[in-house]
Amino acid sequence: MSQPFTITTAISYPNGRPHIGHAYEVIATDAIARFQRMMGRDVFFQTGTDEHGLKMAQTARNRDIEPNVLADEMSSYFRDMNDGLNISYDRFIRTSEPDHHRASQAIWQAMEASGDLYLGRYEGWYSVRDEAFYDEKEIVEGEGGVKLSPQGTPVEWTVEESWFFRLSAYQDRLLQLYNDQPDFIQPDSRRNEIMRFVEGGLSDLSISRTSFDWGVKVPGSEGHVMYVWVDALTNYLTGCGYPDDADRMARYWSEGGDITHIIGKDIVRFHAVYWPAFLMSAKLPLPKQVFGHGFLLNRGEKMSKSLGNVADPMELAGRFGVDQLRYFLLSEVTFGNDGSYSAEAIVARSNSDLANSFGNLAQRTLSFIAKNLEGRLPEPAAQDVDSALLQSITEAAQTFQSAMADLAPSAAIEAWMRAVFACNAYIDAQAPWTLRKTDPARMEAVLATLYEAIASLAIMIQPVIPASATALLDQMGISSAQGRSYDAIGSGFYAELRASGFVLSQPKPLFPRLELAETDA
């Protein structure tokens, strides 16, 4: 049996509603999780919300409500987004949950038992927006003498009693990790950035606060709550059963386990420096990989509330379709790089690839069978050209699988589209509408080849456009029992389906052509 596969998004900070960047991360992670399930893996996929910290406390105070009330409201928007985008998460975690508090206190006590925590006094620069501490050497001066973090966010000088984590003691061990496991941080640009940061020297990290109380209580230290990133990072362990469920931990968070974090490039430091150091200190296994994806830009511009260009993913999904949005984001952006989106680009990509190429291929083939054969599945009699097409589909499926396993969904979709184009070239060259009059037997052989090819294409693309692919496979009579996994492609499932006596009904179009609104110009 294959090794279990654990995959997580970063948990979203819900002091505002979800935007398209949140949707992009969870859609990409969902596609990878669905792919691994299709490969027969035991997958655990976790997402959720990171609800503690000063930013949440301040936002709640500004609205004159309690932080837990704000957390309940805002977390619900993120859960609704996940459900609306057809995200197949196994657990939606909230860091305000009691079992997460237990897990956070347990890892704290484990780090304390290793001698890596000490009580001191923090004096330094803190960014409320980033929930991050910065060294003096990282601070830059903005307009009007305002001090800014490397992210361009304002920082303020903070002085308070604090617990510290001996991060400086882990510099050599972290560099050894990066050298021994080059794929631990991906893509390579992120790895190089983190290695330069760690090589520059690590300072001990302030990991508790006393200036507010919205957070996980530090065990045995009254008045202290954990620095939000200690608590936030521990969510990955909570979902895997830490500290009480040893069997679940052995299954989903074990030494040498296949554990992947999909996160934005702006929080790679927390996941690739602080997190492995915490785990080493607590004597817990490390994840296999931290993958820092790029940002989504609105028409090439970074999204910001001040520019008014922050897109609501559910508004886009409502206008263009959930699968159309999923397909656009995964095909348009090379995973790991920044990418841009616009209404025009979504419409163009969806109409070109889904409506005109794949949707039209399926619709005209299945409609032809329903009309001319009264839904009876055509009889195969393969010639070399037919076998060559099906072989190209099998090869495309292999390329698709390799790309998805390498966290490269856009490359996987390129392989799929080449196979779609091959099918369209085949149907135009074979012209079954002409063969209907001149050679009905050959017409059936061509249609049988296309039927198997289209079903294989639908099986292949399921992780990307799950609802549409499922609807097409349902129409075509391909049940889960007959096989919707990659093993089905090239396995001869068509003969079994035809022997079952399945009759094809008049198909329903999958991808209506999208139109731009006047406001999109």
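The chain is numbered in sequence order, starting from 1. Bear in mind the structure is a predicted one, so any value in this text is a computation, not a measurement. All heavy atoms count here, side chains included; hydrogens, waters and symmetry mates do not.
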When you look at [atom1] of [X], are more than 12 heavy atoms from neighbouring residues, nucleotides or ligands closer to it than 6.0 Å?
X	atom1	value
R129	CZ	no
K217	NZ	yes
Q181	CD	yes
D213	CG	no
E222	CD	no

Minimum heavy-atom distance between [X] and [Y], given as atom pair plus value:
X	Y	answer
T9	Y236	O-CE2, 3.4 Å
A132	F270	CB-CZ, 3.7 Å
P466	R326	CD-NE, 3.5 Å
I107	W275	CD1-CZ3, 4.1 Å
G239	R248	O-NE, 2.8 Å
F335	L407	CD2-O, 3.4 Å

When you check the gap from the basic side-chain N to the acidic O, do [X] and [Y] get nearer than 4.0 Å?
X	Y	value
R484	D474	yes
E138	R269	yes
D30	R34	yes

[X] and [Y]: side chain donor to acceptor below 3.5 Å:
X	Y	answer
H100	S96	no
Q46	N235	yes
Y327	D353	yes
T158	R209	no
S149	Q151	no
S127	T153	yes
T210	E161	no

Without swapping roles, check the side chain of [X] against the backbone of [Y] for a donor-acceptor pair under 3.5 Å.
X	Y	value
D83	D80	no
T470	A467	no
Q324	F511	no

*From CG (N82) to CD1 (I27), nearest 0.5 Å*: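 Taking CG in N82 and CD1 in I27, the distance rounds to 9.5 Å.
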Validation row, ring centre [X] to ring centre [Y] under 6.0 Å:
X	Y	answer
Y89	F45	no
F278	F165	yes
F35	Y486	yes

